[in-house]
Amino acid sequence: MSETTTTNVSPDEIARFDKLAARWWDPDGESRPLHDLNPVRAAYVAGRVDLRGARVADVGCGGGLLSEALAREGAQVTGIDLGEKVIEVAKLHLYESGLTVDYRVQSSAALAAGEPASFDAVCCMELIEHVPDPAALVNDLAALLKPGARLFMSTLNRTPAAFGAAILGAEYVMRLLPRGTHHYAQFLKPSELGRLLRQAGLELEDVSGLAYNPLTRKAALGRITAVNYLLCARKPA
């Protein structure tokens, strides 16, 4: 893939997630945590943006779980990812769901260059901890937003609790994820991500913890941000 050599992406990360493509929509497969977290993430976005007719970019969309959820709420969704196999799976699943999503094998930089200030909302879930240059990604996301539009992100905090839950627990003990999915040094604290957002000209509106119990498969928003967290930022009008 030509873009992987010129954009803010790790080819190893793309290959890792492409291996999961065939079972992306299996709620009991390797993407099980994403299925369990998706309704909470979608509701977080829908509670802050009127999705009916809104243009939404889902950056790092994978197989399309969040993209389809937002499209179901009436959004005009553009889903981008550099994993060719996961985009193929996302497109194929539209035949089953009957929804419309514009899926593309495209980088955030390319989308920002081609369609700047074009989106009412931008979502970037569980991606920033996988890219070599988090600041560059945040700048791309900010460039995509219309004035007054909102950015939604989720990621993992760099804490011992996150290391225990996301790496030791999920990858080694419960084997919910393939080993090597996460790298602790790439996790970002909310204060660090908030600084990147401010440097990109955005205003941080909310940071919420995202609690997840893999045994009960229940996820919920809360105050504790020690492991997973969601945030919302706004581009000044």
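Just so you know, these numbers come straight off a predicted model, no measurement behind them.
For the atom pair SG of Cys232 and CG of Leu204, the computed distance is 8.0 Å after rounding to the nearest 0.5 Å. Between Ile128 atom CD1 and Glu192 atom CD the span is 10.5 Å, to the nearest 0.5 Å. Separation of atoms CG (Leu210) and CE (Met125) is listed at 9.5 Å; rounding is to 0.5 Å.
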Residue pair Leu37, Ser154: steps toward the side chain to side chain contact (heavy atoms under 4.5 Å, CB included) verdict: CA-CA 11 Å; Leu37 294 170; Ser154 69; over 6 Å; no
Would Glu129 and Arg158 count as a salt bridge (charged side-chain N to carboxylate O under 4.0 Å, His left out) here? Give the steps. CA-CA 10 Å; Glu129 69 270 23; Arg158 195 173 67 256; over 6 Å; no
Apply the test side chain to side chain contact (heavy atoms under 4.5 Å, CB included) to residues Val56 and Cys123: give CA-CA distance (whole Å), side-chain angles for both, the deciding distance (0.1 Å), then the verdict. CA-CA 7 Å; Val56 179; Cys123 299; 4.2 Å; yes
Begin from the C-alpha positions of Asn157 and Phe187 and carry the test side chain to side chain contact (heavy atoms under 4.5 Å, CB included) through to its verdict. CA-CA 6 Å; Asn157 201 344; Phe187 293 179; over 6 Å; no
Does the side chain to side chain contact (heavy atoms under 4.5 Å, CB included) test come out yes or no for Val105 and Glu88, once each step is laid out? CA-CA 9 Å; Val105 179; Glu88 289 175 7; over 6 Å; no
Show your reasoning for whether salt bridge (charged side-chain N to carboxylate O under 4.0 Å, His left out) applies to Arg48 and Asp206. CA-CA 10 Å; Arg48 289 164 172 79; Asp206 177 74; 3.6 Å; yes
Could you go through Arg217 and Asp28, starting from their C-alpha distance and side-chain angles, then the distance that decides it, and tell me whether this counts as salt bridge (charged side-chain N to carboxylate O under 4.0 Å, His left out)? CA-CA 11 Å; Arg217 303 188 64 170; Asp28 296 312; 2.7 Å; yes
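Summarising the geometry of Gly64 relative to Tyr103, their closest heavy-atom pair is CA-OH, 3.3 Å, with the distance given to 0.1 Å.
Environment of CD1 in Ile224: sparse, with no more than 12 heavy atoms of neighbouring residues, nucleotides or ligands closer than 6.0 Å.
Between the side chains of His130 and Gln186, no donor-acceptor pair of N or O atoms lies under 3.5 Å.
A side-chain hydrogen bond (donor to acceptor under 3.5 Å, both in side chains) with Asp120 is found for one member of Lys146, Gln76, Arg55 and no other, namely Lys146. Remark: of the listed residues Val122, Leu193, Leu188, Leu193 is the sole one forming a side-chain contact (heavy atoms from CB on, under 4.5 Å) with Met153.
Using a 30° and 60° split on the angle between ring planes, Tyr44 and Phe152 fall in the perpendicular class, above 60°.
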